[in-house]
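Predicted model, so just to flag it, every value in this text is computed and none were measured.
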Amino acid sequence: MSKVAMTQGARVKPAQWLAGTAAAMCLATWGQGAAADTPSPVHYVLDQAKSTLEFTFMQAGAQNKGKFTRFPVSFDFGPGDLAGSRLEVTVEIGSLDTGDKERDDTLKGDDLFAAAKFPKAHFLATQFARTAAGFEAQGKLTIRDQTRDVRVPFTFRTAVEQGATVGYMSGKTSIRRLDYGVGQGDWKATDQVGNDVGVSFSLRLTAAH
């Protein structure tokens, strides 16, 4: 091999090494940028005073409504990281309020919610999906020790108020009370009290640090 060829061959290797190193650095930088564009989920907790959880049901042909006044929420949510998001809601049945004490006592009684034995309802969602209208939480709802799969559509937006990040979450769904045993004895009949119960919520959530 000539001295010129040997010299050219020696020059090729450093050039290739430099090109490879530059490419690797570009890929690493791009990867870091992509990760930065997908922030981790933010942890939110409920602002109870500015949130509502309401339900509607048919009784004797008329629509009735009620609400729960205590329902702690823990929400880890990132629109860019749905796989890492999580929603947990605990509803205190004793906080039920329909505006009629006699009806409230009946609903909390053994044949319906059985609040003394089952004081809390629980919803836990660890799967989320985007929809045309916003998002959908897929999880399990437990009432009276009966657990069923539930899909809850919702919208979510954030705002900065007085220097703090807040989230606004709202949506509605429908469940069947008899799927959860809410209706024993005479209350199993649906001619007076309907089986379908509408659930709607409007939550104000504050980012926890």
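Qualifying salt bridge (Lys or Arg N to Asp or Glu O under 4.0 Å) partners for R157, counting only residues two or more places apart in sequence or in other chains: none. Every residue meeting the side-chain contact (heavy atoms from CB on, under 4.5 Å) condition with K50, not counting sequence neighbours, appears here in chain and number order: D47, R204. Residues satisfying the salt bridge (Lys or Arg N to Asp or Glu O under 4.0 Å) criterion with K140, sequence neighbours excluded, are D149. Under the side-chain hydrogen bond (donor to acceptor under 3.5 Å, both in side chains) criterion, K117 pairs with no residue at all, not counting sequence neighbours. Not counting sequence neighbours, the partners of R151 by the salt bridge (Lys or Arg N to Asp or Glu O under 4.0 Å) test are E136. Considering only residues two or more places apart in sequence or on other chains, D110 meets the side-chain hydrogen bond (donor to acceptor under 3.5 Å, both in side chains) condition with none of them. Shown here are the salt bridge (Lys or Arg N to Asp or Glu O under 4.0 Å) partners of D97, two or more places apart in sequence or in another chain: there are none. Considering only residues two or more places apart in sequence or on other chains, T147 meets the side-chain hydrogen bond (donor to acceptor under 3.5 Å, both in side chains) condition with T142. Contacts of F156 classified as ring pair (Phe, Tyr, Trp, His ring centres under 6.0 Å), with partners at least two apart in sequence or in another chain: Y44, F75, F77.
Note: the hydrophobic cluster containing I93 also contains V150 (ILVMFWY, side chain heavy atoms under 4.5 Å, direct or indirect links). Transitive grouping of hydrophobic side chains (ILVMFWY, heavy atoms separated by less than 4.5 Å) brings V199 and L107 into a common cluster. Taking hydrophobic clusters as Ile, Leu, Val, Met, Phe, Trp and Tyr residues chained together by side-chain heavy-atom distances below 4.5 Å, L53 does not share a cluster with V166.
Put simply, CZ on F118 and CD on Q146 are 8.0 Å apart, with the number rounded to the nearest 0.5 Å. Note: R144 CZ to L112 CG = 8.0 Å, rounded to the nearest 0.5 Å. Distance check, rounded to the nearest 0.5 Å: OG1 of T158 to CD of E161 gives 10.0 Å.
Side chain of R177 to backbone of F57: no donor-acceptor contact under 3.5 angstrom is found. Remark: side-chain polar atoms of K108 are paired, donor with acceptor, to backbone N or O of G94 under 3.5 angstrom.
No donor-acceptor contact under 3.5 angstrom links the side chains of S202 and T52, judged on distance only.
Using a 4.5 Å cut-off on side-chain heavy atoms (C-beta onward), L46 and P72 make no contact. The shortest side-chain heavy-atom distance between F154 and L203 does not fall under the 4.5 Å cut-off. Between F55 and L96 the shortest side-chain heavy-atom distance falls below 4.5 Å. A 4.5 Å side-chain heavy-atom check between P79 and R130 finds at least one atom pair inside the cut-off. Side-chain contact between F123 and F71 is absent, with no heavy-atom pair separated by less than 4.5 Å. Between L87 and L124, the closest side-chain pair of non-hydrogen atoms is not below 4.5 Å. Considering only heavy atoms from C-beta on, V42 stays 4.5 Å or farther from T165 through its side chain. Looking at F201 and T173, their side chains never come closer than 4.5 Å, going by heavy atoms from C-beta outward.
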* Take I143 and I175 through the test side-chain contact (heavy atoms from CB on, under 4.5 Å) and record every step on the way to the result. => CA-CA 11 Å; I143 303 174; I175 63 173; 4.1 Å; yes

* To do: Please test R148 against L141 for side-chain contact (heavy atoms from CB on, under 4.5 Å), starting from the C-alpha separation and ending with a verdict.
  => CA-CA 5 Å; R148 299 286 184 272; L141 174 64; 5.7 Å; no

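Considering every non-hydrogen atom in both A137 and A125, the closest pair reads CB-CB, 4.0 Å. For the residue pair T155 and A133, the shortest heavy atom distance occurs at CG2-O, 3.6 Å.
In the displayed structure, E102 atom CD is contacted under 6.0 Å by at most 12 heavy atoms of other residues, nucleotides or ligands. Within a 6.0 Å sphere centred on CZ of R176, heavy atoms belonging to other residues, nucleotides or ligands number 12 at most.
Here side-chain hydrogen bond (donor to acceptor under 3.5 Å, both in side chains) pairs that include residues 189-199, with residues two or more places apart or in two chains, number zero. Within the structure, every pair that satisfies the side-chain hydrogen bond (donor to acceptor under 3.5 Å, both in side chains) test and touches residues 63-76, not counting sequence neighbours, is listed here: H43-D76, N64-R103, R70-E92. Evaluation of the ring pair (Phe, Tyr, Trp, His ring centres under 6.0 Å) test over residues 160-180, restricted to residues two or more places apart or in two chains, returns none.
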